[in-house]
There are 2 protein chains.
Amino acid sequence: MSEFGEYVRQRREELQKVDPGSFSVRKIAALAGIEPSYLSKIERGQQPPPGERTIIALANILSEDPDALLAMAGKVSEDLQKIIRRRPRLFADVIRQLKDMPDHALLRIVREVRDGDW
Amino acid sequence: MSEFGEYVRQRREELQKVDPGSFSVRKIAALAGIEPSYLSKIERGQQPPPGERTIIALANILSEDPDALLAMAGKVSEDLQKIIRRRPRLFADVIRQLKDMPDHALLRIVREVRDGDW
DNA sequence: AGGAGTGTGTAGTATATACTCCACGGTATA
DNA sequence: TATACCGTGGAGTATATACTACACACTCCT
């Protein structure tokens, strides 16, 4: 079930084809600040996904969305959690309310709030 | 800094005054499924806040809001996280967008979505 | 043949999380 | 004076998290 690992490997190999020599396990691990063998194991699901710091680093290196990658790892970023914790009741209500709403409804909120009709 | 512990103790003692004999450390601990000495230490900040299960149990026993209590413990409930993880990009956007919005703006969203003008 | 770069296997470590178990001393009650 | 709660102290445990360190085998290049 280690969707995370598979995804990272796939994405890395994809980039490796375009720019070989820059996306080896060793190179990426070095950039992400971890050991190559560790990354290798993660990619093959032999180790669970790494910590938040490392996931975000990987996301940036691989030009992926950090929140999406964190989600694949079964996590929610600390900074989002912090926002929720400041006003737990309100955010809990909003999130639960939006739980089953279609994507376009969420997009509408983002748009309307951003455009300041509030 | 263990705001959590202090709050629980305060709330428990409050209820103890109204209904003595039903809100001792031992009674509450038993209901919450933990050892009395553990609860005692938590209330005095000698131990960090307990796990999510236990916090939610305490919230119910003390008639408190689980999300608020979890927030005091520096946590966000797993079920909220699960909702976010299903559509990480969308929810991340919504939450960050609402970060600095006043309470009434969030309330308005809750209300409007609930009332189905969507 | 030698070196550079590739991925991977084995073993071990440090720290945090979430608790339990038992025993002690105080107060109140009958 | 015994028995029944009350809170608490000290020590120990189980599991998870997030990694490191090092060595090995293979391929490609010159």
Side-chain angles (χ1 to χ4, degrees), chain A residues 1-2 4-6 8-59 61-62 66 69-70 72-78 81, chain B residues 1-2 4-6 8-59 61-62 66 69-70 72-78 81:
Chain A
M1 278 263 166
S2 187
F4 177 84
E6 287 176 40
V8 168
R9 164 141 301 187
Q10 188 188 307
R11 182 70 180 129
R12 188 177 58 77
E13 288 179 341
E14 212 174 291
L15 293 167
Q16 210 172 15
K17 262 167 210 162
V18 177
D19 177 0
S22 292
F23 290 94
S24 71
V25 168
R26 280 162 204 271
K27 291 270 169 60
I28 302 306
L31 289 173
I34 58 174
E35 290 292 310
S37 65
Y38 184 39
L39 176 56
S40 171
K41 278 167 254 177
I42 288 166
E43 285 188 353
R44 286 168 300 130
Q46 208 177 101
Q47 287 275 338
E52 175 166 331
R53 285 185 74 91
T54 301
I55 292 175
I56 291 172
L58 287 173
I61 294 163
L62 302 174
L69 215 53
L70 282 166
M72 287 187 208
K75 314 201 184 210
V76 170
S77 79
E78 252 312 309
Q81 295 195 38
Chain B
M1 281 260 170
S2 186
F4 177 84
E6 286 176 42
V8 168
R9 163 140 302 186
Q10 188 188 308
R11 182 71 181 128
R12 188 177 57 78
E13 289 178 341
E14 212 174 289
L15 294 167
Q16 210 172 16
K17 262 167 209 165
V18 177
D19 178 358
S22 292
F23 290 94
S24 70
V25 167
R26 279 162 203 270
K27 291 270 168 63
I28 303 305
L31 290 173
I34 56 173
E35 290 292 312
S37 65
Y38 183 39
L39 176 56
S40 170
K41 278 167 249 179
I42 289 166
E43 286 189 352
R44 287 168 299 130
Q46 208 177 101
Q47 287 275 337
E52 175 166 330
R53 285 185 76 90
T54 302
I55 292 176
I56 291 173
L58 287 173
I61 294 163
L62 302 174
L69 215 53
L70 282 166
M72 288 186 207
K75 315 202 184 208
V76 170
S77 80
E78 252 312 310
Q81 295 194 38

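Keep in mind that this is a model prediction, so the values were computed, not measured. Protein chains get the first letters and strands the later ones, always in sequence-line order, with residue 1 at the start of each.
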Please report the distance, rounded to the nearest Å, between CD1 in B:Ile28 and C1' in D:dC5. 15 Å
Could you tell me whether the phosphate oxygens of C:dG9, OP1 or OP2, come under 4.0 Å of any side-chain nitrogen or oxygen in A:Arg44? yes
With nearest nucleotide decided by heavy atoms, which residue, B:Gln46 or B:Lys27, maps closer to the 5′ end of DNA chain D? B:Lys27
For the side chain of A:Arg26 and the base of C:dG5, is some donor closer than 3.5 Å to an acceptor across the two? no
Would a 4.5 Å heavy-atom cut-off, applied to side chains only, mark A:Ile55 and A:Pro66 as touching? no
CZ of B:Phe23 versus P of D:dC6: gap in Å, rounded? 13 Å
Show the distances under 3.5 angstrom between N or O atoms of the protein and N or O atoms of nucleotides 15-21 of chain D.
unit_1, atom_1, unit_2, atom_2, d
D:dA18, OP2, A:Lys75, NZ, 2.8
D:dC19, OP1, A:Thr54, OG1, 3.4
D:dC19, OP2, A:Gly51, N, 2.8
D:dC19, OP2, A:Thr54, OG1, 3.4
D:dC19, N4, A:Gln47, NE2, 3.4
D:dT20, OP2, A:Glu35, N, 3.0
D:dA21, N6, A:Ser37, OG, 3.1

Sub-3.5 Å donor-acceptor pair from the side chain of B:Gln81 to the main-chain atoms of B:Val76, do we have one? yes
If you count the non-hydrogen atoms of other residues, nucleotides and ligands that lie under 6.0 Å from CZ in B:Arg44, is the total more than 12? yes
For A:Ile42 and C:dG7, give me the distance from atom CD1 to atom P, rounded to whole Å. 15 Å
With a 4.0 Å limit, can you tell me whether A:Arg9 has a side-chain N or O closer than that to the phosphate oxygens OP1/OP2 of C:dT8? yes
Heavy-atom side-chain contact between A:Ile34 and A:Pro50 under 4.5 Å: no
B:Arg12 side chain near D:dG7 phosphate (N/O to OP1/OP2, under 4.0 Å): yes
With a 4.5 Å cut-off on side-chain heavy atoms, are B:Tyr38 and B:Thr54 touching? no
So, does B:Arg12 use its side chain to make a donor-acceptor pair with the main chain of B:Leu62 at under 3.5 Å? no
